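Just so it is clear: chains get the letters A, B, ... in the order the sequence lines come, proteins before strands, and each one is counted from 1. Just so you know, these numbers come straight off a predicted model, no measurement behind them.
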Amino acid sequence: MDQFLLQVLNGLDKGSAYALIALGLTLIFGTLGVVNFAHGALFMVGAFCAVSMQKIFEISKVTIDATKTDFLGNPLKVKTPYVIEWFGESAGNAMINWSVPLALLLAIPVMLLVGYIMERGLIKHFYKRPHADQILVTFGLAIVIQEIVKASYGANPIPTPAPSQFVGSFDFGVLLGMDPNAVIYPYWRLIYFAFSAVIISAVFAFLRFTTFGMVVRAGMADRETVGLLGINIDRRFTLMFGAAAAVAGLAGVMYTPINSPNYHMGMDFLVLSFVVVVVGGMGSLPGAVLAGFMLGILESFASMNAVKDFFEMLYLPSIDQIVIYLVAIIVLLTRPRGLMGKAGVMEE
Amino acid sequence: MNTFSKADKNTLLFVIIITMLAPFILNPFPEGSAMAQFNAGYPDLMQRFAIFGILAVGFNILFGLTGYLSFGHAAFLGVGSYSAVWMFKLLSMNIIPALILSVIIAGVFALVIGFISLRRSGIYFSILTLAFAQMSFSLAYSVLTPITNGETGLQITLNDPRILDGGTGAGNLPVTGLFGMEMRNTFTLDVGAWAFQFNVGYYVCAIFLILAFYLSMRIFRSPFGLMLRAIKTNQTRLNYTGLNSRPYTLAAFVISGMYAGLAGGLMASMDPLAGAERMQWTASGEIVLMTILGGAGTLLGPVLGAGFIKYFENIFSKINDNVLHTWFSFMPDGLENAIVWVLHFFVGKGWHLTLGMLFMLVVIFLPGGLMEGADRIRARFGRNKGDGDDTPNATTPAE
């Protein structure tokens, strides 16, 4: 039981990332009809917003402290980050400590802007082109973004720690009356899950309960008619593209303490998120979220030792790396439309 | 060959002449001159031209002719490489059994993947093939380590069984060959300042390229090819005529997978090792780029595209900051440094950035690739003479 619970929890954080990226992908596909192969790159750009925030906070003023000397007898150079100088010792240190959550504030405008430029500057010109061209151009864009990030931040993962208050683990088992240390779970992953739940609910609430969201949903159903009613649907769709980019970016920012960001993290997530979208059903937002969490949890179950031993008993290799793909194959063979796919989406 | 028009025969003849005389054509600059670094006439690079040419020709049958954009073609390349290396380990260092096995295994693999992913078309198909390629990558990288040797890659060793020629490995690793002709043998012809290199491995690859090209030409001009083109043009209408298009698409997928398997087998024959990175999505993307850069749906385009990409990859990777500084040394220092600083991101290790840019520029401005560009230039200068390829509007991939 405790093992079971632990694996469910372990699956939640990956599942949250899958769900958030898949949500953005579905949103873009549903509104603009474009499959965005650069969406993983947007996730990665978000993660590097966190890295940049950390670097910005660590920009230091170098002063020479005459009272201290290093082992050669030279005056010691002391680095003081500007934030400490400006905001004082405690506030400055708190800012450096909280750089990842604060990076959300940087990521929102950056991602909205990136999304806006991408849609207006590039993708707009591809609505009338075949789907293959859209895939190819966004794929090329993904390579370009990835290489730019690689050129500016290097190829190695950059550690971006969570605020020190959230380092450590939460003893989940005690809450449910189990032995201490039976089910322990890092705080930050709980926060990541809560964060993604908030974002997902916010997106759904926005689409469901606001006039803007209603118009967007109407546009998703029948773009032409909404346009004929005198509503500038293109502008709203552009904003939705920006929002989808922001969702991916925020998911990336918050993911950095879990795995240190590197330049190819986006593509690794993108392929799996595509599988999530296919399993959930193209064009279905709840399907994308559901399949994201489901596959994340499934992946963590497949990496359990008990499961690995079971496969070893059958002389099979362990399948934790590929279980998502296997599920996708089974779903496609039995329900080609995906779990919650709508009829007529991408069926020609 | 009576189905071929005169222009087709000329195209084939052109390919034969180019591939056979490649050691001369690709080596225009004398040895030791400043321009010698732009020569491409050395065995390793020429082999890559031919191998990736085969790959692109095969991919073109699926993408250019049938209109299905596969993002997982590198998987078949990897499968072909692994099977060939296993054949070198188990049977003999002769490349013929290795190539036969790699084509067959890649074909079977393509049959399985095609059977599943061809249930959907358009975007779904691209996503599925991408997922399958990524799955094959994980399989090769970690899950199936006993077969693929994981991260290290599969290599031949001295104590492999090699049933047919087990006794050869006396201290040295055996080399791949074709009935005694070693693939690495190179004959150098010195003419004045030029050194032309004739490599056995290259000529083997070149002959396979010509055969592959001839076969793809036959497919393009056959009723089967016409059917594939109909699928690309309008699959729905084809289905309404009561025709089941699945067997045709599956056949195209398998043929194209077998081409990739042959390319992978040849790659392993030239250098007997196989690694998982050959199957990564970037490799698949590169295949797509070669085809569209040359011109998807045209006969000659993919071969040109493959050569173009591999040549510039080689040249660009060689250029570093020092080379750039010597090139622009005639300029004032500030300007020189500025130009070098900008170009620095695009050369050397930054080749992938150039590749990505090129990818976008081609898709945006020249969706028909180099062949369309050539057509446009020809039209501009009023010499509107067909060169035996497809109609110009066949170059845009349909969904």
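- By the 4.5 Å heavy-atom criterion applied to side chains, Met135(B) and Leu326(A) are counted as neighbours.
- For Tyr248(B), the OH atom sits in a loose shell: 12 or fewer heavy atoms of surrounding residues, nucleotides or ligands are nearer than 6.0 Å.
- Checking side-chain atoms of Arg129(A) against main-chain N and O of Pro367(B) turns up no donor-acceptor pair under 3.5 Å.
- To the nearest 0.5 Å, atoms CG (Leu136(A)) and CG (Leu69(B)) are separated by 5.0 Å.
- Heavy-atom contacts from other residues, nucleotides or ligands closer than 6.0 Å to OH of Tyr127(A) number more than 12.
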Worked check of ring-ring contact (aromatic ring centres under 6.0 Å, His included) between Tyr325(A) and Phe132(B): CA-CA 7 Å; Tyr325(A) 304 109; Phe132(B) 273 114; 7.9 Å; no
Verdict with reasoning, Val275(A) to Gln134(B), per side-chain contact (heavy atoms from CB on, under 4.5 Å): CA-CA 11 Å; Val275(A) 175; Gln134(B) 217 43 22; over 6 Å; no
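- Contact annotation for Phe274(A): both backbone and side-chain heavy atoms come within less than 4.5 Å of a heavy atom of chain B.
- Interface remark: Leu122(A) contributes side-chain atoms only to the contact with chain B (heavy atom separation under 4.5 Å).
- Counting all heavy atoms, side chain and backbone alike, Phe63(B) lies closest to Ala132(A) at CE1-CB, 4.3 Å.
- The side-chain hydrogen bond (donor to acceptor under 3.5 Å, both in side chains) contacts involving residues 350-364 of chain B comprise nothing, where partners must be two or more places apart or lie in separate chains.
- For a heavy-atom cut-off of 4.5 Å, chain B lies close to Ile143(A), Val144(A), Gln146(A), Glu147(A), Ile148(A), Ala151(A) in residues 142-156 of chain A.
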Worked check of side-chain contact (heavy atoms from CB on, under 4.5 Å) between Leu270(A) and Trp281(B): CA-CA 11 Å; Leu270(A) 180 76; Trp281(B) 60 269; over 6 Å; no
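- Put simply, of Leu272(A), Val277(A), Val278(A), the one with the most heavy-atom pairs under 4.5 Å next to chain B is Val278(A).
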Intermediate values then yes/no, side-chain contact (heavy atoms from CB on, under 4.5 Å), Leu141(A) and Phe359(B): CA-CA 8 Å; Leu141(A) 184 68; Phe359(B) 206 129; over 6 Å; no
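- Between Val288(B) and Phe139(A), every side-chain heavy-atom pair lies at or beyond the 4.5 Å cut-off.
- Tyr116(A) OH: 12 or fewer foreign heavy atoms inside a 6.0 Å radius.
- If you measure heavy-atom distances from Tyr141(B) to chain A, you find no contacts under 4.5 Å at all.
- Considering Val137(A), Ile135(A), Thr138(A) as possible partners of Val363(B), the one that fulfils the side-chain contact (heavy atoms from CB on, under 4.5 Å) test is Val137(A).
- In terms of heavy atoms, Gly281(A) sits closest to Tyr124(B) at C-OH, 4.2 Å.
- For Leu355(B), no part sits under 4.5 Å from any heavy atom of chain A, backbone or side chain.
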